[in-house]
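Sequential numbering from 1 along the given sequence is applied to the chain's residues. Not measured: the values here are computed from a predicted model.
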Amino acid sequence: QGFALGKINLGELEAVKVSRFKFIWSSNTQDEKKGVTFYKPIGIPDGFYSLGYYCQSNDQPFRGFVLVAREIPSKSESTHISTGIASPALREPVDYTLVWSSNDGSEEGLQGCGFFWLPQPPEGYKSIGYLVTCSPKKPKLDKVRCVRADLTERCENYQVILDVGTRFSEFPFQVWSTRPSHRGMLGRGVSVWTFSCNSCWVPGQELPIACLKNLDPTLHAMPNCDQIHALINHYGPTVFFHPDEIYMPSSVSWFFENGALLFRKGDSVGQSIDVDGSNLPSGGRNDGEFWIDLPSGDRKNSVKSGNLGSAKLYVHVKPALGGTFTDIAMWIFCPFNGPATLKVGVMNYSLSKIGQHVGDWEHFTLRICNFTGELWSIYFSQHSGGVWVNAYDLEYIQGNKAIVYSSKKGHATFPHPGTYIQGSGKLGLGIRNDVARSNFFVDSSTRYELVAAEYLGDGVVSEPGWLQFMRKWGPTIVYDVSILPLVLRYSMANIFIKLPVELYGEEGPTGPKEKNN
């Protein structure tokens with residue numbers, strides 16, 4: 001179908017990924033690796049047009065791309081023109097504005113300088129990117145195209161790539177990567193992978209450039225069901241648990257089969273749960289009326305320990321960046337999250353209860369490029385946050401299968417072994433996350449279950465009953481500061497601000513559908 005064919009239909013525009021570039025200008029720093037280089041896309045296919053230039057830090061592998069676009073001829077073009085509605089999807093700018101120059105203003109100092117230009121779009125059009133030249137002469141108007149406004153979406157600054165302070169230039173200047181402002185799985189904004197630059201941007205201020213918008217209702221570049229399984233079989237990471245881990249994952253069905261109970265507010269007696277979760281209340285919201293808990297008696301500790309042999313990854317596949325990427329979110333369930341270890345300076349304090357809770361849903365997400373089918377990056381969830389890691393910075397165990405490390409007792413995910421401190425580096429205080437390779441692992445490329453892929457249509461993927469349970473997978477218990485070690489009981493109001501919210505008490509998580517996408 002349309003997946004991994006090298007081009008994507010966005011409705012009135014067709015986009016192609018270009019990764020061949022010509023060097024234009026590089027920022028001068030004492031350390032070459034900390035510099036930033038700006039490039040002009042070349043080798044653009046016939047009929048396609050540049051929308052802006054590309055840049056990247058010199059300390060990263062040269063792996064980038066920009067999108068170029070062409071207008072798809074409309075079958076009913078004559079009808080549109082006769083009604084006076086149609087305007088071309090792409091038009092040349094009417095002029096350029098010089099945004100910044102590395103030149104100090106002298107005619108003698110032009111050699112080696114960079115000049116940054118913002119295309120001025122015709123009325124009803126938006127600029128998508130900037131151009132960079134080595135001359136104060138304005139670029140030719142046919143070097144770039146602007147896009148009709150209804151084919152664009154608002155974008156925002158994301159990460160600073162270059163920051164030229166007043167120590168190096170008369171005027172401060174920053175270069176940012178950009179991303180669509182709305183990035184949920186229903187968002188239609190498409191990153192073009194150009195950059196934003198300015199000398200006086202204020203956070204929250206709308207940028208003078210936009211991103212593209214995917215108006216194709218079918219999202220034809222998304223993988224079909226067979227392709228989803230092929231991607232997981234090819235890229236599915238191996239999840240390693242710490243060699244001293246005592247709270248292993250399990251399948252959801254094993255958890256239910258081995259005595260997990262459903263409780264209702266005001267009722268002290270729990271109800272057994274069907275193996276597929278069909279008797280769990282579905283839909284609604286997390287209103288505190290229901291929750292799941294461990295069985296009582298002798299079975300409680302055995303269920304806490306999980307069952308690695310039954311464990312699997314639960315997979316949710318969804319569009320990203322307007323259907324130009326595919327996110328494969330892989331969820332793993334652990335019946336119990338163990339207590340935390342607090343690091344204060346060189347001292348470590350094992351907390352007997354703080355940080356523990358019944359039911360633990362953790363995940364990582366593979367981001368696949370729909371132009372090529374490449375693994376682009378992986379998102380590692382880490383308690384209340386997480387981080388994206390590029391494919392070239394991952395560890396691999398076999399072929400293109402990455403390694404995901406799960407932290408001891410807490411099950412947060414990390415790309416490399418070691419000890420990660422979550423909290424305040426300034427205070428020398430945080431929660432230890434220890435990760436290491438061991439004989440305890442789950443291979444997600446074979447041990448997985450596809451539980452949701454809404455874009456494929458109703459009934460294509462059967463969602464299990466338990467996925468519709470919107471309440472908490474564990475009870476809520478609020479802690480008193482007196483359970484902390486004596487040395488840590490003072491000034492906790494200031495310290496807790498720096499720590500994960502899980503430490504304020506014992507609270508089971510909501511399921512995957514209640515998580516922020």
Can you list the steps and then say if Arg367 with Leu321 is a side-chain contact (heavy atoms from CB on, under 4.5 Å)? CA-CA 10 Å; Arg367 178 157 286 181; Leu321 302 180; 4.1 Å; yes
Show your reasoning for whether side-chain contact (heavy atoms from CB on, under 4.5 Å) applies to Val147 and Leu13. CA-CA 9 Å; Val147 179; Leu13 292 175; 3.9 Å; yes
Take atom CD of Glu289 as the centre, draw a 6.0 Å sphere, and report whether it contains more than 12 heavy atoms from other residues, nucleotides or ligands. yes
Between Tyr247 and Phe336, is the ring centroid distance below 6.0 Å? yes
Should we say atom CG of Asn439 is surrounded by more than 12 heavy atoms from elsewhere, each under 6.0 Å from it? no
Is the shortest distance from a Lys or Arg side-chain nitrogen in Glu454 or Lys318 to a carboxylate oxygen in the other one below 4.0 Å? no
Side chains of Asn370 and Thr326: donor-acceptor distance under 3.5 Å anywhere? yes
So do the side chains of Val358 and Pro475 get within less than 4.5 Å of each other, counting heavy atoms only? yes
Between Arg471 and Glu514, does the salt bridge (charged side-chain N to carboxylate O under 4.0 Å, His left out) criterion hold? Intermediate values first, please. CA-CA 8 Å; Arg471 278 81 173 189; Glu514 279 288 283; over 6 Å; no
Say whether Gln56 and Tyr54, considering side chains only, have a donor N or O and an acceptor N or O under 3.5 Å apart. yes
Whether over 12 other heavy atoms sit under 6.0 Å from Phe441 CZ: no
Check the surroundings of atom CG in Asp267: do more than 12 heavy atoms from other residues, nucleotides or ligands lie under 6.0 Å from it? yes
Is it the case that the side chains of His220 and Gln1 hold a donor-acceptor pair, with the cut-off being a distance below 3.5 Å and no angle test? no
Would you say the side-chain atoms of Ser57 pair up with the backbone N or O of Asp59, donor to acceptor, closer than 3.5 Å? no
If we count only N and O atoms by modelled type, under 3.5 Å, do the side chains of Ser196 and Asn157 hold a donor and an acceptor together? yes
Is it the case that more than 12 heavy atoms not belonging to Lys401 sit under 6.0 Å from its NZ atom? yes
Does Asp216 offer a backbone N or O that forms a donor-acceptor pair with the side chain of Asn214 under 3.5 Å? yes
Does the Ser305 side chain pair with the main chain of Asn301, one donor and one acceptor, at a distance under 3.5 Å? yes
Would you find a donor on one side and an acceptor on the other, under 3.5 Å apart, between the side chain of Ser251 and the backbone of Ala311? no
Do the ring centers of Trp376 and Phe65 come within less than 6.0 Å of each other? yes
Side-chain contact, heavy-atom cut-off 4.5 Å: Cys155 with Pro180? no
For Gln174 and Asp163, which I'm curious about, is there any donor-acceptor pair between the side chains at under 3.5 Å? yes
Do other residues, nucleotides or ligands put more than 12 heavy atoms under 6.0 Å from the NZ atom of Lys17? yes
When you compare the side chains of His411 and Asp360, does any donor N or O come within less than 3.5 Å of an acceptor on the partner? yes
Between Phe255 and Phe333, is the ring centre distance below 6.0 Å? yes
For the residue pair Trp361 and Trp473, categorise the inter-ring angle as parallel (less than 30°), tilted (30 to 60°) or perpendicular (more than 60°). perpendicular
Under 4.0 Å between a Lys/Arg side-chain N and an Asp/Glu carboxylate O for Arg285 and Asp287? no
Under a 4.5 Å cut-off applied to non-hydrogen side-chain atoms, are Thr413 and His363 in contact? no
Can you confirm if the aromatic rings of Phe414 and Tyr405 lie within a centre distance of less than 6.0 Å? no
So, Gln468 and Glu463: side-chain donor and acceptor under 3.5 Å apart, yes or no? yes
